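Because the structure is a prediction, the values reported are computed rather than measured.
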Amino acid sequence: MVGTDELALVVGLGNPGPGYAGNRHNIGFLVLDELAGRIGGKFKSHKAGAEVLEGRLAGSRVVLAKPRSYMNLSGGATAGAARFYKAEPGAIVVVHDELDLPFGQVRLKLGGGENGHNGLRSISKSLGTKDYLRVRFGIGRPPGRQDPADYVLKDFSSTERKELAFAIDLCADAVEGLVSQGLELAQNKFHPLS
């Protein structure tokens, strides 16, 4: 994507409807809403089964897409949008929640497993490959013995909400860096040294 006018398809994962809006599982939608604000546009319904917005981020052509299906069926809308916009897997960026990262931490990677994430599993199956870009937003592990499936469908805690706007902003910056500078430079910038 770097140095070309190739389009990046940025897919934010979440569940549709107001009942899910503030859930940890909906961080992909929240980050895309921030990016839409930066573009200065509004999402429109698309025949691929997603809400989409076309524009530019950091000078790069992007399509933001929020699947209208539930999380576990995100692959159909992602693959449909990829076909419509002729986006190859390496130009698809999926923004999703990640249990194995502390709250607010952002990690970028290409390919890999789905780590039990049903949205990613659906996308990998529909695209026929795992070789797409991921922007992983840390939501931390559930406390005590809480079922991860319940935890991801709960709203962020009051403590997390105090930091949430900053964390979403950082994640949106990472998406911009990824589409404008490529994976390696974005990783160097957004991954803390450890």
Side-chain angles (χ1 to χ4, degrees), residues 1-14 26-68 74-75 77-98 101 104-112 119-120 123-124 126-127 129-139 163-194:
M1 288 180 285
V2 184
T4 72
D5 206 34
E6 182 184 356
L7 178 134
L9 174 62
V10 181
V11 180
L13 296 189
N26 271 42
I27 195 64
F29 282 10
L30 296 172
V31 171
L32 260 65
D33 288 342
E34 168 63 24
L35 292 169
R38 294 179 185 190
I39 289 172
K42 295 204 180 313
F43 286 94
K44 294 183 174 73
S45 186
H46 191 276
K47 65 181 181 182
E51 300 295 316
V52 302
L53 171 61
E54 299 177 46
R56 286 194 173 271
L57 281 174
S60 298
R61 289 176 58 223
V62 296
V63 171
L64 306 181
K66 298 193 291 188
R68 284 194 304 265
S74 300
T78 302
R83 280 190 301 273
F84 183 85
Y85 290 104
K86 299 178 175 53
E88 294 297 319
I92 297 171
V93 178
V94 178
V95 183
H96 66 90
D97 57 305
E98 177 60 63
L101 290 174
Q105 195 171 90
V106 175
R107 287 284 188 272
L108 311 170
K109 73 175 192 172
L110 172 64
L120 293 178
I123 290 171
S124 297
S126 293
L127 292 177
T129 182
K130 296 179 181 183
D131 292 334
Y132 50 89
L133 294 157
R134 294 110 186 266
V135 177
R136 303 156 64 214
F137 183 104
I139 60 169
E163 301 292 324
L164 189 58
F166 172 79
I168 288 170
D169 199 48
L170 175 70
C171 192
D173 289 347
V175 172
E176 279 199 51
L178 182 57
V179 299
S180 64
Q181 301 168 351
L183 181 60
E184 191 174 340
L185 284 175
Q187 284 175 326
N188 290 340
K189 183 172 182 181
F190 292 98
H191 289 190
L193 298 171
S194 51

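- In this structure, L178 CG and D173 CG are separated by 12.5 Å, a value rounded to the nearest 0.5 Å.
- D169 meets the salt bridge (charged side-chain N to carboxylate O under 4.0 Å, His left out) test with R38; sequence neighbours excluded.
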Verdict with supporting geometry, L32 and F43, side-chain contact (heavy atoms from CB on, under 4.5 Å): CA-CA 10 Å; L32 260 65; F43 286 94; 4.1 Å; yes
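- Note on residues 58-67: pairs passing salt bridge (charged side-chain N to carboxylate O under 4.0 Å, His left out), not counting sequence neighbours, are D33-K66.
- Residues S124 and Y132 form a side-chain contact, since some pair of their non-hydrogen atoms from C-beta on lies under 4.5 Å apart.
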Enumerate donor-acceptor pairs with a distance under 3.5 Å from any side-chain N or O in residues 77-96 to protein atoms, sequence neighbours excluded.
residue: T78; atom: OG1; partner: S74; partner atom: O; Å: 2.9
residue: Y85; atom: OH; partner: E54; partner atom: OE2; Å: 3.1

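- Shown here are the side chain to side chain contact (heavy atoms under 4.5 Å, CB included) partners of I39, two or more places apart in sequence or in another chain: L53, L57, V62, L64.
- By the 4.5 Å heavy-atom criterion applied to side chains, E176 and L35 are counted as neighbours.
- Heavy-atom neighbours of K189 NZ from other residues, nucleotides or ligands within 6.0 Å: at or below the threshold of 12.
- Put simply, CD1 on I123 and OG1 on T129 are 12.0 Å apart, with the number rounded to the nearest 0.5 Å.
- Counting only heavy atoms from C-beta outward, the side chains of V106 and V135 approach each other to under 4.5 Å.
- For R68, the salt bridge (charged side-chain N to carboxylate O under 4.0 Å, His left out) partners are E51, not counting sequence neighbours.
- Judged as a side chain to side chain contact (heavy atoms under 4.5 Å, CB included), and not counting sequence neighbours, the contacts of L101 are E98, Q105, R107, R136.
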